[in-house]
Amino acid sequence: MSVAVKSWEALGTSVHVLTTDPDQLAAAETAVRGILQDVDVACSRFRHDSDLSRLNATGNRVVEVSPLLASAIGTALRAARITNGAVDPTVGPALARAGYDDDFSRIAADGGPITLRGGHVPGWQAIRFDHPSRSVLLPAGVELDLGSTGKALAADLSASAALTTIAAGGVLVSLGGDLATAGTPPEGGWRVLIAEDNRVVPDSEGQVICLHDGSVATSSTTIRRWTRGGAVLHHIIDPVTGLPTTGPWRTATVVAGTCVDANIAATAAIVLGEAAIEWLHARRLPAKLVGKDGTIHHLGRWPAPEGITA
Amino acid sequence: MKALTPIERDRGLQRLRRLTFGAAAGALMAVLGISYVAAASYAGKATSTLTSTASTGSQSSTSSDLQSSAQAPSTGSSGTGTVTSGGS
């Protein structure tokens with residue numbers, strides 16, 4: 001299989017754009033860069049001039065937000081509703097209290113002890129949102145963090161925009177290891193190495209799956225970690241405790257129809273813990289769960305690793 | 001008091017009917033006129049109820065369950081990957 005690849009950094013993570021037709025790569029790249037710029041302006045919680053930062057500063061007042069931010073908020077609230085609150089966009093302040101209060105590249109890997117204050121996060125039900133009028137009301141003290149679903153939405157929008165731009169063939173967009181595809185895949189499908197760290201080069205050892213349509217996303221507690229007073233912390237917050245999750249899974253990878261849905265399921269699996277197995281089975285989503293002890297569970301239509309009969 | 005003749009009584013009733021009809025018509029015209037002036041001078045404001053759920057919008061923000069891919073992924077039987085899915 002021969003595909004063209006362009007890589008760069010955006011939204012605080014890695015970006016890879018692949019096209020089946022090398023002549024279409026430049027056009028696809030231009031389309032993706034445009035979408036990512038728009039998403040950064042609308043949804044970044046680390047830009048003081050972003051639409052999201054302005055919304056978070058309003059406090060208990062109805063405001064009309066941009067169409068893109070409204071779409072991202074709608075997506076985040078849908079994620080919360082579908083997962084019964086396991087993926088909650090109000091975990092931002094809890095994440096900041098745990099030490100993740102800036103772009104991750106500026107977070108100190110090691111630091112002095114901090115006092116972790118747990119307790120329920122405000123909860124997505126506190127947000128008042130009317131999509132048609134793009135009106136949002138955040139009660140005082142409630143802030144939105146669209147980091148998880150926002151990145152996946154950006155991947156879906158990017159793949160769609162790139163496909164519209166290119167003349168023919170297929171495109172794959174990876175944002176920090178969350179992949180969205182559009183158009184006709186290469187013969188045999190998009191070859192995806194499944195790893196715990198998206199920075200692992202794709203020709204490394206490990207399971208390779210072929211994606212014929214849809215998307216794949218991975219959530220992991222082994223990445224985006226930091227240490228405070230000797231305690232290892234990570235970026236996936238359990239909305240019930242307001243603290244980094246402590247469940248049995250360190251990594252979850254899910255294949256779904258869209259990158260948003262794959263991301264929702266992968267993040268929810270980490271938060272739900274043992275209950276994730278039944279939850280994923282019920283939704284018939286192919287998934288791979290890696291336990292803290294390295295135990296691997298393949299769920300649904302997840303392909304058996306090479307040499308193993310399913 | 002002198003009793004009215006039938007002719008005088010009929011004339012009185014006719015006069016009363018004309019007065020009643022005129023008053024009703026005048027009142028109706030007044031209501032319509034005031035309504036028009038009120039509607040023309042105050043444009044009003046559309047309102048909507050803010051809810052805690054995404055009520056409408058794109059398919060991806062309203063669908064009630066997670067969408068599966070049309071085709072299951074398959075095993076990459078030989079060769080390496082061209083892109084990595086992993087945590088970030």
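Residue numbering restarts at 1 for every chain, and letters A, B, ... go by the order of the sequence lines.
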Student: Can you tell which part of Ala217(A) gets under 4.5 Å to a heavy atom of chain B, answering side chain, backbone, both or neither?
Tutor: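 Only the backbone of Ala217(A) comes within 4.5 Å of chain B.
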
Student: Between atom CG of Leu66(B) and atom CD1 of Ile82(A), what is the distance when rounded to the nearest 0.5 Å?
Tutor: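 Rounded to the nearest 0.5 Å, the CG-CD1 separation comes to 4.5 Å.
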
Student: Do you know which of Ala72(B), Ala70(B), Ser88(B) has the most heavy-atom pairs with chain A at a distance under 4.5 angstrom?
Tutor: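 The answer is Ser88(B).
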
Student: Checking Arg301(A) now: which residues fulfil salt bridge (charged side-chain N to carboxylate O under 4.0 Å, His left out) with it, not counting sequence neighbours?
Tutor: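 Residues passing salt bridge (charged side-chain N to carboxylate O under 4.0 Å, His left out) with Arg301(A): none at all.
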
Student: Let me confirm one number: the CG-CH2 distance from Leu299(A) to Trp279(A), rounded to the nearest 0.5 Å.
Tutor: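 It comes to 11.5 Å.
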
Student: Does any heavy atom of chain B fall under 4.5 Å from the side chain of Val254(A), the backbone, both, or neither of them?
Tutor: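 The answer is neither part of Val254(A).
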
Student: Side chain, backbone, both or neither: which part of Ile209(A) has a non-hydrogen atom closer than 4.5 Å to chain B?
Tutor: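 Both backbone and side chain.
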
Student: Relative to the ring of Phe129(A), is the ring of His131(A) parallel (under 30°), tilted (30 to 60°) or perpendicular (over 60°)?
Tutor: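 Tilted: the ring planes of His131(A) and Phe129(A) meet at 30° to 60°.
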
Student: Identify the heavy atoms of Leu289(A) and Ala252(A) that sit nearest to each other, and give their distance.
Tutor: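 Where Leu289(A) meets Ala252(A) most closely, the heavy atoms are CD2-CB, 3.5 Å.
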
Student: Is chain B contacted by the side chain of Leu179(A), its backbone, both, or neither, given a heavy-atom distance below 4.5 Å?
Tutor: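 Side chain only.
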
Student: From Leu137(A) CG over to Arg61(A) CZ, what is the distance, rounded to the nearest 0.5 angstrom?
Tutor: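 Taking CG in Leu137(A) and CZ in Arg61(A), the distance rounds to 9.5 Å.
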
Student: With respect to chain B, which residue among Asp178(A), Val255(A), Leu211(A), Thr251(A) yields the maximal number of heavy-atom pairs within a distance under 4.5 Å?
Tutor: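 Of the candidates given, the most pairs with chain B belong to Val255(A).
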
Student: Just so I understand: if I count every heavy-atom pair under 4.5 Å between each of His16(A), Arg284(A), Glu196(A), Lys151(A) and chain B, which residue has the most?
Tutor: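 Ranked by heavy-atom pairs under 4.5 Å with chain B, first place is Glu196(A).
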
Student: Please determine, among Ser220(A), Cys210(A), Gly214(A), the option with the most heavy-atom pairs under 4.5 Å with chain B.
Tutor: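 Between Ser220(A), Cys210(A), Gly214(A), the count favours Cys210(A).
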
